[in-house]
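Computed from heavy atoms alone, side chains included, the values below leave out hydrogens, waters and symmetry copies. Chain letters run A, B, ... following the sequence lines, proteins first and then strands; every chain starts at 1.
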Number of protein chains: 2
Amino acid sequence: MATPLPRDPIADARGNWERAGWSDVAAPMAAVTAIMRTQQLLLARVEGVLKPFGLTFARYELLALLSFARSGALPMNKASALLQVHPTSVTNAVDRLQDAGLVVRSRHPTDGRTTLVELTRQGKTLARQATLALNEEVFASSGFPEQDVDDLIQILGRFRRNAGDFTD
Amino acid sequence: MATPLPRDPIADARGNWERAGWSDVAAPMAAVTAIMRTQQLLLARVEGVLKPFGLTFARYELLALLSFARSGALPMNKASALLQVHPTSVTNAVDRLQDAGLVVRSRHPTDGRTTLVELTRQGKTLARQATLALNEEVFASSGFPEQDVDDLIQILGRFRRNAGDFTD
DNA sequence: TATTGTTATACTCTATAACTATA
DNA sequence: TATAGTTATAGAGTATAACAATA
């Protein structure tokens with residue numbers, strides 16, 4: 001971890017915005033910037049935990065998704081939709097995971113256009129191990145007090161719904 | 001924007017965690033995942049606004065930082081520290097911005113090891129235009145209600161301080 | 001010796017476009 | 001015609017290691 005700065009750079013940026021005459025948007029600017037930075041910190045932490053497993057966050061997310069799929073298998077486009085990433089990103093991730101022996105592709109029984117992805121036994125095991133590591137090393141001490149966790153879930157849930165992520 | 005999902009995938013993941021017996025970390029997992037997704041949505045929005053200016057978010061951040069520097073110039077390592085990115089990322093960004101005529105490098109007057117970065121007149125103009133566009137098209141309607149903005153700034157500020165970003 | 005910055009290299013993820021195969 | 005997926009290609013950011021120059 002780098003040396004802490006003597007001052008909060010985002011609070012400083014907010015001050016700069018206000019002095020420039022943009023007071024009306026200074027707070028949202030600060031909030032958006034803080035989300036960017038927080039994501040960066042959390043991602044580094046998560047990837048640090050996943051690295052020993054040979055996984056990136058994107059690939060872990062796919063493994064985790066599959067591990068909770070009822071039938072154990074998902075169509076590529078379903079995975080793309082649920083993970084909210086581009087279809088080519090899924091193709092890429094599945095390629096790597098398949099090379100690592102963690103997933104296999106198979107044909108859809110009735111729709112010949114569709115490719116299914118499924119965890120191998122090895123993939124199931126690794127997904128579970130990686131999840132336990134994340135639970136213990138990241139989520140159990142996330143750095144957010146309990147009330148903040150609840151507030152974040154509410155606030156970001158409203159935002160994501162508003163942004164069109166889901167209708168629910 | 002892709003078709004909204006019928007259900008919130010993060011709420012579903014939280015339910016999966018609880019059913020797997022990981023109730024104690026289900027909420028922090030959901031909060032962390034929500035931050036990841038929110039960052040993705042915001043970044044896409046920001047980069048969409050910056051694209052017509054030929055800027056990425058990383059390069060814009062550097063321009064904005066320089067535009068608020070008192071002397072108008074910053075050492076590379078100072079920029080790296082304030083933006084909280086790797087020094088090679090700054091080298092890379094400055095290379096591109098210099099190619100575009102938006103910044104120039106110069107020698108530090110007293111420390112020969114240090115390289116200063118400074119906005120050109122063109123860089124100053126573009127930084128201002130891009131900022132006005134972001135203010136208008138992103139921050140003025142960020143998708144967060146005013147109270148949520150304030151809460152986010154508080155919650156994420158606590159987290160970042162706790163993570164060692166700043167001491168303040 | 002320590003610091004600053006660059007270079008070379010490599011590895012992510014992402015996106016567009018063109019293409020095949022199937023419905 | 002529309003959909004599903006792959007391929008090729010490109011570009012982004014990031015990181016490590018080796019190196020040069022300076023303190």
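Applying the ring pair (Phe, Tyr, Trp, His ring centres under 6.0 Å) test to B/Phe139 and every residue at least two apart in sequence or in another chain returns nothing. With sequence neighbours excluded, no residue forms a salt bridge (charged side-chain N to carboxylate O under 4.0 Å, His left out) with B/Glu137.
Between the CG atom of B/Leu116 and the P atom of C/dT6 there is a distance of 11 Å, rounded to whole Å. Look at CG on B/Leu74: it is 14 Å from P on C/dT4, rounded to the nearest Å. Summarising the geometry, the separation between CG on A/Leu50 and C1' on C/dC13 is reported as 15 Å, rounded to the nearest angstrom. Between B/Asn77 atom CG and C/dG5 atom C1' the separation is 9 Å, expressed in whole Å. Between the C1' atom of C/dC13 and the CD atom of A/Glu61 lies a distance of 12 Å, rounded to the nearest Å. Regarding B/Asp99, its CG atom lies at a distance of 15 Å from the C1' atom of D/dG11, rounded to whole Å. Remark: P of D/dT6 and CG of A/Asp95 are 7 Å apart, rounded to the nearest angstrom. Going from atom CG of B/Leu43 over to atom C1' of C/dT12 covers 15 Å, rounded to whole Å.
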Residues 29-52 of chain B side chain polar contacts: donor-acceptor under 3.5 Å, at least two apart:
from, atom 1, to, atom 2, distance (Å)
B/Thr33, OG1, B/Met29, O, 2.8
B/Arg37, NE, A/Asp165, OD1, 3.4
B/Arg37, NE, A/Asp165, OD2, 2.8
B/Arg37, NH1, B/Gln40, OE1, 2.9
B/Arg37, NH2, A/Gln84, OE1, 3.4
B/Arg37, NH2, A/Asp165, OD1, 2.6
B/Thr38, OG1, B/Ala34, O, 2.7
B/Arg45, NH1, B/Ser142, O, 3.2
B/Glu47, OE2, B/Phe57, N, 2.7

Run the side-chain donor-acceptor check on residues 99-107 of chain A: report pairs under 3.5 Å with partners two or more places apart or on a different chain.
from, atom 1, to, atom 2, distance (Å)
A/Arg105, NH1, A/Asp95, OD1, 3.0
A/Arg105, NH1, A/Gln98, OE1, 2.8
A/Arg105, NH2, A/Asp95, OD1, 3.0
A/Arg107, NH1, A/Gly112, O, 3.3

Identify every side-chain donor-acceptor pair in residues 125-132 of chain A under 3.5 Å, counting partners at least two apart or on other chains, and give the distances.
from, atom 1, to, atom 2, distance (Å)
A/Thr125, OG1, A/Arg121, O, 3.1
A/Thr131, OG1, A/Tyr60, OH, 2.7
A/Thr131, OG1, A/Ala127, O, 2.8

Original post:
Nucleotide by nucleotide, 5' to 3', does protein get under 4.0 Å of the base (B), only the sugar-phosphate (S), or neither (-) in nucleotides 12-22 of chain D, counting heavy atoms?
Top reply: SSBBB-----B

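A donor-acceptor contact under 3.5 angstrom links the side chains of B/Arg96 and B/Asn92, judged on distance only.
Which of D/dT6, C/dT6, C/dG5 sits closest to the side chain of B/Thr91 comes down to C/dT6.
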